[in-house]
Amino acid sequence: MSPVEPSSELRERIQDELERNRRWEYRLPVYAGIALLVCAVIIVVRVVFLHV
């Protein structure tokens, strides 16, 4: 049995989808850094100003 080859249109759509996913992967560390910064600010404000 031979594997089924996708049409060129389908192959192009798959490549576009992979490229979009790859761009998201590059942005994830930035979003993770922002989330950690927000958590750190919340903790600092609670400790310094609210003495919890």
> Say you draw a straight line from CZ of R13 to OG of S8; how long is it, rounded to the nearest 0.5 Å?
Replying inline: 11.5 Å
> Are L36 and V38 grouped together when hydrophobic residues (ILVMFWY) are joined by side-chain heavy atoms under 4.5 angstrom apart?
Replying inline: no
> From L28 CG over to R23 CZ, what is the distance, rounded to the nearest 0.5 angstrom?
Replying inline: 13.5 Å
>> If the threshold is 4.0 Å, N to carboxylate O, is there a salt bridge linking E17 and R20?
In response: yes
>> Between E19 and R22, is the salt bridge (charged side-chain N to carboxylate O under 4.0 Å, His left out) condition met? List the steps.
In response: CA-CA 5 Å; E19 185 61 33; R22 202 169 293 122; 2.9 Å; yes
> Once you round to the nearest 0.5 Å, how far does CG of L10 lie from CD of Q15?
Replying inline: 10.5 Å
> Do the side chains of V44 and F49 join up, straight or via other hydrophobic residues, at under 4.5 Å, putting them in one cluster?
Replying inline: yes
> According to a 4.5 Å side-chain heavy-atom criterion applied to Ile, Leu, Val, Met, Phe, Trp and Tyr, with indirect links allowed, do I34 and V41 form part of one hydrophobic cluster?
Replying inline: no
> Quick one: CG on L37 to CD1 on I42, what's the gap to the nearest 0.5 Å?
Replying inline: 10.0 Å
